[in-house]
There are 2 protein chains.
Amino acid sequence: MAVKLNLDKLDFQIIQEMMENAEISYADLGKKLFVSGGTIHVRIKKLQELGVVKGTKLSVDLKLLGYDVIAFIGIFLEKSSLYDTVAKELRKIPEIVRLNYTTGNYSMFAEVVCKDIQQLRYILHDELQKIKGIERTETLISLEESFARNVLVIS
Amino acid sequence: MAVKLNLDKLDFQIIQEMMENAEISYADLGKKLFVSGGTIHVRIKKLQELGVVKGTKLSVDLKLLGYDVIAFIGIFLEKSSLYDTVAKELRKIPEIVRLNYTTGNYSMFAEVVCKDIQQLRYILHDELQKIKGIERTETLISLEESFARNVLVIS
DNA sequence: ATTGAAAGAGTCTCAGT
DNA sequence: ACTGAGACTCTTTCAAT
């Protein structure tokens with residue numbers, strides 16, 4: 001349940017703009033949104049205090065860094081009560097960048113970023129097989145990312 | 001295939017640090033990595049020119065903004081040649097934040113961020129049903145995100 | 001709540017090493 | 001290739017509205 005935050009259109013505009021580009025200066029963002037740089041500063045400070053804004057992250061080109069393979073792994077557990085212990089083991093594999101506990105076809109759903117198919121194979125056959133509680137897995141290898149973008153927070 | 005970039009340990013350390021926190025000053029990051037702020041500056045400029053660093057993005061708390069539901073949608077296509085036209089239609093749905101063309105169980109795999117289960121139902125039953133070429137879909141609703149983190153680029 | 005201006009902090013350039 | 005210092009830009013604070 002979202003707490004009542006009382007954000008207005010300007011707050012959402014700032015969030016939307018900076019989700020895409022957090023480097024823009026307050027003065028420039030103010031110009032774009034027709035307020036002063038000081039107002040942008042006040043709003044961002046408020047959003048940070050509210051916990052809505054958590055920080056900024058560098059956006060990198062993973063392919064250029066040699067991470068050519070993105071895959072998703074659907075995980076079937078022997079018992080769903082094993083969730084926490086399996087999650088703890090999966091966290092130890094650095095190539096697993098995200099793990100969700102899900103309803104539907106799988107019990108858990110993981111995203112993996114790795115250098116090549118050989119490394120993916122190693123993770124699937126050697127690392128995952130060792131973890132007690134995993135019944136079986138299904139792998140989806142991403143052949144292409146059609147798009148990746150931020151959610152639209154402006155009505 | 002990754003082009004030969006000739007990045008050294010310091011480059012990777014800078015990337016690793018700033019993937020998590022891009023707000024740190026060059027002086028502070030320099031202290032942490034035992035070089036001058038000027039050196040950090042030179043390296044980041046180089047990484048930007050190489051295209052490895054693409055920019056910085058605001059990190060926000062989606063739950064606080066009222067986006068309580070994250071789901072994954074596996075999509076089966078009638079014919080895999082319909083990929084581009086279906087992708088084009090899916091891009092028009094702003095709640096779909098990511099779309100991958102995949103091998104494995106599904107033809108395409110989407111991630112959705114929405115306000116509540118009612119909105120998810122609307123997307124699944126009204127918006128996706130209208131798109132020609134989708135045979136059927138399978139939905140995984142995230143009950144909990146165990147973790148989400150950046151890939152480890154340091155050897 | 002917004003603004004503009006002053007103070008403080010960070011970035012960027014460059015000459016020296 | 002790294003450093004430190006100066007010039008420049010941006011952030012932050014604050015008094016006025």
Side-chain angles (χ1 to χ4, degrees), chain A residues 2-62 64-66 150 152-155, chain B residues 2-67 150 152-155:
Chain A
V3 189
K4 188 81 180 126
L5 289 176
N6 261 10
L7 304 186
D8 67 6
K9 191 186 166 192
L10 179 60
D11 295 316
F12 285 113
Q13 285 175 311
I14 293 169
I15 291 167
Q16 193 77 60
E17 193 66 41
M18 293 185 70
M19 277 197 300
E20 197 50 48
N21 171 22
E23 277 162 318
I24 190 169
S25 75
Y26 295 173
D28 288 348
L29 185 51
K31 260 177 224 158
K32 206 164 176 176
L33 302 176
F34 306 107
V35 291
S36 73
T39 297
I40 300 291
H41 177 247
V42 169
R43 296 304 189 98
I44 289 176
K45 215 175 124 193
K46 178 187 76 176
L47 291 167
Q48 286 170 334
E49 280 160 7
L50 288 170
V52 172
V53 165
K54 294 191 287 183
T56 70
K57 287 178 189 299
L58 203 68
S59 165
V60 299
D61 187 318
L62 288 174
L64 278 181
L65 287 171
N150 300 304
L152 192 73
V153 296
I154 306 177
S155 37
Chain B
V3 189
K4 188 81 179 129
L5 290 175
N6 260 14
L7 305 186
D8 67 7
K9 192 186 167 193
L10 179 60
D11 295 316
F12 285 114
Q13 285 175 312
I14 292 168
I15 291 167
Q16 193 77 61
E17 194 66 41
M18 293 186 71
M19 279 198 299
E20 197 51 49
N21 171 23
E23 277 162 317
I24 190 169
S25 75
Y26 294 173
D28 286 350
L29 185 51
K31 260 178 226 158
K32 207 163 175 175
L33 303 178
F34 307 106
V35 291
S36 73
T39 298
I40 300 291
H41 177 248
V42 169
R43 297 305 189 99
I44 290 176
K45 214 174 126 193
K46 178 188 75 176
L47 291 167
Q48 286 170 335
E49 280 159 7
L50 288 171
V52 173
V53 165
K54 295 191 288 184
T56 69
K57 290 180 187 300
L58 203 68
S59 164
V60 299
D61 187 317
L62 289 174
K63 281 228 164 117
L64 278 180
L65 287 171
Y67 291 87
N150 299 304
L152 191 74
V153 296
I154 307 178
S155 37

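These numbers come from the heavy atoms of this one structure, side chains and all, not from hydrogens, waters or symmetry mates. On a predicted model such as this, the values are computed, not experimentally measured, just so you know. Each chain gets a letter, A, B and so on, in the order its sequence line appears, and its residues count up from 1.
Using a 4.5 Å heavy-atom threshold, the side chains of A:Leu50 and B:Leu64 count as separate. Side-chain contact between A:Val60 and B:Val153: absent, with no pair of heavy atoms (C-beta onward) separated by less than 4.5 Å. Between B:Ile44 and B:Met18, some side-chain heavy-atom pair lies under the 4.5 Å cut-off.
Between B:His41 and the phosphate of C:dC12, there is a side-chain N or O to OP1/OP2 separation shorter than 4.0 Å. Of the side-chain N and O atoms in A:Lys45, none sit less than 4.0 angstrom from OP1 or OP2 of D:dT11.
A:Ile44 places its CD1 atom 13 Å from the P atom of C:dT2, with the value rounded to the nearest Å. At whole-Å resolution of the value, CG in A:Leu29 and C1' in C:dT3 are 16 Å apart. Nucleotide D:dC10 holds its C1' atom 12 Å from the CE atom of A:Met18, rounded to whole Å. As rounded to whole Å, 14 Å separates atom C1' of C:dA1 from atom CG of A:Leu47. For the pair A:Ile14 CD1 and C:dA1 P, the interatomic distance rounds to 14 Å; values are reported in whole Å. Rounding to whole angstrom units, OH of residue A:Tyr26 and P of D:dT11 are separated by 6 Å. One interatomic measurement links the two molecules: CD1 of A:Ile40 to P of C:dT3, which rounds to 9 Å at whole-angstrom precision. To the nearest angstrom, P of C:dA1 lies 8 Å from NZ of A:Lys46.
Note on A:Arg43 versus A:Asp11: salt bridge recorded, some NZ/NE/NH1/NH2 to OD/OE distance being below 4.0 Å.
Across all non-hydrogen atoms, the minimal contact from B:Leu58 to A:Ala22 is N-CB, 3.7 Å. The two residues A:Lys54 and B:Asp61 make their nearest non-hydrogen contact at CE-N, 3.9 Å.
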Short N/O separations, protein against nucleotides 1-3 of chain D, under 3.5 angstrom:
unit_1	atom_1	unit_2	atom_2	d
D:dC2	OP1	B:Arg43	NH2	2.7
D:dC2	OP2	B:Arg43	NE	3.1
D:dC2	OP2	B:Arg43	NH2	3.4
D:dT3	OP2	B:Ser36	N	2.8
D:dT3	OP2	B:Ser36	OG	3.0
D:dT3	OP2	B:Thr39	OG1	2.6

